[in-house]
Amino acid sequence: MSAPNCLVTNDWICGEYLRTRAGELTDATLQHVGITVVSVLIALAVAVPLALLVRARPRFAGPVLGLTTLLYTVPSLAMFSLLLPLFGLSAALVVTGLVLYALTILVRNTLAGLAAVPAETREAARGMGYGSLRLLWQVELPLALPVLMAGIRMATVSTIALTTVGSVVGRGGLGNLIEDALPTFFKAQMLAASVLCVLLAVAADLLLLGLQRLLTPWTRIRTAPGGG
């Protein structure tokens, strides 16, 4: 007598599900990754200029930081509902919401990274004839990179988690599979999609950590034993 099919018995761990739904899982994962990457890149493109504006014009610090913090406190479903009249049931709706959430982390970390650059380093660069733009690109941003990359890592992991909520408009990547499985309590699909979300977050964090180490080799320099 053959063993019962794990799809029929609705087991949590089911190799048959992974085999027969591999294409569906791949498509959902690719959509999840795409939405996450686009959202974080747009948020970064907005956050850095905002942080530079706040640093140059401190009077804007309160409004900018206050607004981004306020947006972060809005529940995700409420945020998507507020954006619905503007974007309709589209990927742009989800991406915009995720960008607004990521701004809080990225703006604050960019400001923190720039503030950590030693004043004497700036003065030395100016003494060597560095203008404001060259000082920013060749001195301040490289030195601020470890803190900025930490913010990008946090924003990316947070965005991967929040992307699942986009399933309410059919643009949630792996969240779509989780939502589809809930009405029938399809255990294998719920578990597989949830595990893939976790693996995505871990993989993204490790990838960005590796990129950070590659871009900031000076942070790995340690004084040799004996004060060499």
Side-chain angles (χ1 to χ4, degrees), residues 32-80 82-83 86-87 91-118 122 132-133 135-166 171-173 175 197-198 200-216 219:
H32 207 111
V33 171
I35 290 174
T36 298
V37 170
V38 170
S39 300
V40 173
L41 288 178
I42 294 176
L44 186 61
V46 175
V48 172
L50 275 178
L52 294 175
L53 173 64
V54 168
R55 190 182 66 157
R57 301 286 188 273
R59 65 178 181 275
F60 290 123
V64 170
L65 295 178
L67 179 60
T68 55
T69 301
L70 177 63
L71 290 172
Y72 198 78
T73 63
V74 178
S76 53
L77 289 177
M79 176 71 80
F80 291 156
L82 292 172
L83 296 173
L86 296 175
F87 299 99
L93 167 68
V94 179
V95 169
T96 303
L98 295 175
V99 167
L100 294 177
Y101 283 126
L103 282 178
T104 302
I105 299 171
L106 294 176
V107 170
R108 290 180 179 275
N109 275 65
T110 303
L111 282 172
L114 292 173
V117 177
R122 292 193 181 95
S132 298
L133 188 59
L135 175 65
L136 174 67
W137 283 105
Q138 296 187 10
V139 178
E140 293 180 312
L141 283 180
L143 292 178
L145 200 55
V147 179
L148 179 57
M149 285 299 298
I152 294 174
R153 289 168 58 195
M154 288 188 291
T156 300
V157 171
S158 174
T159 300
I160 289 173
L162 287 170
T163 297
T164 57
V165 185
R171 298 292 191 279
C197 281
V198 174
L200 273 182
V202 173
D205 190 55
L206 292 176
L207 181 63
L208 289 171
L209 179 60
L211 179 61
Q212 176 182 333
R213 291 173 63 83
L214 181 65
L215 294 176
T216 58
T219 62

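Keep in mind that the numbers below use all heavy atoms, side chains included, and drop hydrogens, waters and symmetry copies.
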### Query
For A78, what residues pass the side chain to side chain contact (heavy atoms under 4.5 Å, CB included) criterion, not counting sequence neighbours?
V74, P75
### Query
For V117 and A144, which heavy atoms make the closest approach, and how far apart are they?
CG2-N, 4.4 Å
### Query
Sequence neighbours excluded, which residues qualify as side chain to side chain donor-acceptor pair (under 3.5 Å) partners of R153?
D205
### Message
Please find the pair of heavy atoms, one from A102 and one from T159, that lie closest to each other, and give the distance.
### Response
CB-OG1, 4.4 Å
### Task
For S76 and V165, work out which heavy atoms get closest and say how close.
OG-CG1, 3.4 Å
### Query
Looking only at heavy atoms, what is the nearest atom pair of A150 and N109, with distance?
C-ND2, 4.1 Å
### Nearest-0.5 Å distance that lies between atom OG in S39 and atom OH in Y101
12.5 Å
### Message
To the nearest 0.5 Å, what is the distance between CG on L44 and CG on L103?
### Response
10.0 Å
### Task
Taking all non-hydrogen atoms of both residues into account, name the closest pair between F80 and L93 and its distance.
O-CD1, 3.3 Å
### Query
Do I42 and L98 touch side chain to side chain, with heavy atoms closer than 4.5 Å?
no
### Inter-residue atom distance L106.CG - T156.OG1, 0.5 Å rounding
8.0 Å
### Query
L70 versus T73: any side-chain heavy-atom pair under 4.5 Å?
yes
### Summary
residues 45-55 vs side chain to side chain donor-acceptor pair (under 3.5 Å), sequence neighbours excluded, gives R55-E140
### Task
Find the distance between CE (M79) and OG1 (T96) and round it off to the nearest 0.5 Å.
10.0 Å
### Query
Between T68 and R108, does any side-chain donor sit less than 3.5 Å from a side-chain acceptor?
no
### Query
Would one find more than 12 heavy atoms of other residues, nucleotides or ligands at under 6.0 Å from atom CZ of F87?
yes
### Task
Identify, with sequence neighbours excluded, every residue that meets side chain to side chain contact (heavy atoms under 4.5 Å, CB included) alongside A91.
R171
### Query
Atom CG in L200, atom CG in L207: separation rounded to 0.5 Å?
11.5 Å
### Query
Any side-chain heavy-atom pair from L114 and L141 closer than 4.5 angstrom?
yes
### Query
Which distance, rounded to the nearest 0.5 Å, do you find between the CG of L211 and the CG of L214?
6.5 Å
### Query
A204 and I160: which non-hydrogen atoms are nearest, and at how many Å?
CB-CD1, 3.8 Å
### Message
Going by side chain to side chain contact (heavy atoms under 4.5 Å, CB included), name the residues that satisfy it together with R59, two or more places apart in sequence or in a different chain.
### Response
R57
### Query
side chain to side chain contact (heavy atoms under 4.5 Å, CB included) with L145: which residues, sequence neighbours excluded?
L148, M149, L215, T216
